[in-house]
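Convention: sequence-line order gives letters A, B, ...; per-chain numbering from 1.
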Amino acid sequence: MLTRRTETVNIALEEDIVRVRQSTRKLAVECGFSLVDQTKMVTAASELARNTFVFGRGGTATLQVIQDGGRTGLRLTFEDQGPGIADIEQAMSDGYTSGQGLGLGLGGAKRLVNEFEIRSKVGEGTTVVITRWK
Amino acid sequence: MERIPILKMGPFLLVTIQVDMHDRLAQTLQDDLAERVVKDGSRGVLIDISSLEVVDSFIGRMLARIASISRILDAETVVVGMQPAVAITLVELGMSLEGVKTALNVEKGMEILQRSLGVETGGDENAHPEN
Ligand SMILES: Nc1ncnc2c1ncn2[C@@H]1O[C@H](COP(=O)(O)OP(=O)(O)OP(=O)(O)O)[C@@H](O)[C@H]1O
Ligand SMILES: [Mg+2]
């Protein structure tokens with residue numbers, strides 16, 4: 001697998017969630033995604049960036065345009081050193097929220113992409129990686 | 001402070017969202033609308049989201065809340081102009097925007113709001129058959 005391009009967005013302010021959306025859109029266009037696929041990826045990015053900001057107390061989003069054989073994809077990695085998630089299965093289920101949300105972010109983001117990976121350790125932080133192929 | 005403008009059109013309020021809103025801005029719009037519905041005695045709120053390229057769970061929740069708040073304040077809300085890609089994504093995300101009235105464009109949305117007034121006038125007339 002080849003990384004053709006990498007961009008990093010720091011998530012420290014609420015406005016950074018908007019910056020993650022805008023950078024994701026730009027790279028999704030570069031990857032040649034259809035409008036619907038762009039919108040899905042940007043929406044998933046927005047949900048995960050907000051989780052990083054709200055629950056992870058800030059972190060980073062790393063955006064990569066990747067190439068695997070003949071196909072091009074967009075991979076986004078959200079990382080924080082926040083409190084972590086004790087029960088990932090519960091966090092992933094639709095409707096579960098420990099805050100004021102609808103509990104749709106994680107489950108919804110997973111439905112909007114081709115690959116979804118989550119790693120978390122209580123007291124250490126959370127990493128979510130999503131990939132969408134053209 | 002940064003704010004989304006709210007226009008008054010007779011008995012209705014009109015909002016055109018043209019920027020990618022950060023969460024606080026969306027929250028402020030929700031609060032401003034509630035205040036204006038009461039202050040202006042508005043009977044309807046029309047929200048044009050045709051320029052919005054993304055509606056995530058936060059914005060979706062804000063739209064649903066605006067609709068419930070205005071309903072309690074006796075005003076109808078119609079969200080118009082949602083882009084097809086946004087609608088497809090919202091459903092996959094798991095947001096059905098239940099309880100939010102939608103229309104294809106501003107004109108159709110206005111018709112819905114006008115009609116909601118008309119129905120009531122009709123009711124009043126029936127209550128006074130001598131008129
Ligand atoms: N980065 C994170 N760090 C710690 N906890 C997290 C993180 N991301 C998610 N969680 C936990 O997982 C739960 C579910 O997240 P999800 O995004 O699905 O819903 P939500 O953010 O609560 O609501 P919504 O996304 O609908 O606004 C959160 O309430 C939180 O408890
Ligand atoms: Mg969330």
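Rounding to the nearest 0.5 Å gives a distance of 7.5 Å between CD of Glu15(A) and CD of Glu2(B). Separation of atoms CG (Asp56(B)) and CZ (Arg21(A)) is listed at 5.5 Å; rounding is to 0.5 Å. How far CD of Gln22(A) is from CG of Asp20(B): 5.5 Å, rounded to the nearest 0.5 Å.
With hydrogens and angles ignored, the 3.5 Å screen pairs no side-chain donor or acceptor of Arg50(A) with any backbone N or O of Asp23(B).
Closest heavy-atom contact between Leu104(A) and Gly94(B): CD1-O, 3.8 Å. Leu93(B) and Arg111(A) get closest at one heavy-atom pair: O-NH2, 2.8 Å. Taking both residues in full, the closest heavy atoms of Glu47(A) and Phe58(B) are given as OE2-N, 4.4 Å, listed atom of the first, atom of the second, then distance. Heavy atoms only, all atoms of each residue included: Thr89(B) and Lys40(A) are closest at OG1-CG, 3.6 Å.
In this structure the side chain of Gln83(B) never reaches within 4.5 angstrom of the side chain of Thr39(A), judged on heavy atoms. With contacts defined as side-chain heavy-atom distances shorter than 4.5 Å, the pair His22(B)/Leu13(A) does not qualify. Thr43(A) places none of its side-chain heavy atoms less than 4.5 Å from the side chain of Glu92(B).
Placement of Met82(B) and Ile17(B) within a single hydrophobic cluster is found when ILVMFWY residues are connected by side-chain heavy-atom separations under 4.5 Å, directly or transitively. Both Val79(B) and Val37(B) belong to a common hydrophobic cluster when Ile, Leu, Val, Met, Phe, Trp and Tyr are linked at side-chain heavy-atom distances under 4.5 angstrom. Ile59(B) and Val18(A) fall into different hydrophobic clusters, where Ile, Leu, Val, Met, Phe, Trp and Tyr are joined by side-chain heavy atoms under 4.5 Å apart, directly or via other members. In the hydrophobic cluster analysis, where Ile, Leu, Val, Met, Phe, Trp and Tyr join through side-chain heavy atoms closer than 4.5 angstrom, Val86(B) is grouped together with Leu63(B). Under the 4.5 Å side-chain heavy-atom criterion for grouping Ile, Leu, Val, Met, Phe, Trp and Tyr, Val54(B) is not connected to Leu112(A) through any hydrophobic cluster.
For chain B, the nearby part of Ile17(A) is the side chain; its heavy atoms alone come within less than 4.5 Å. Contact annotation for Met95(B): both backbone and side-chain heavy atoms come within less than 4.5 Å of a heavy atom of chain A. Contacts between Ala109(A) and chain B at a heavy-atom distance below 4.5 Å involve the backbone alone (N, CA, C, O).
Crowding of Lys8(B) atom NZ: a count of heavy atoms from other residues, nucleotides or ligands under 6.0 Å exceeding 12. Shown here is Lys108(B), whose NZ atom has no more than 12 heavy atoms of other residues, nucleotides or ligands within 6.0 Å.
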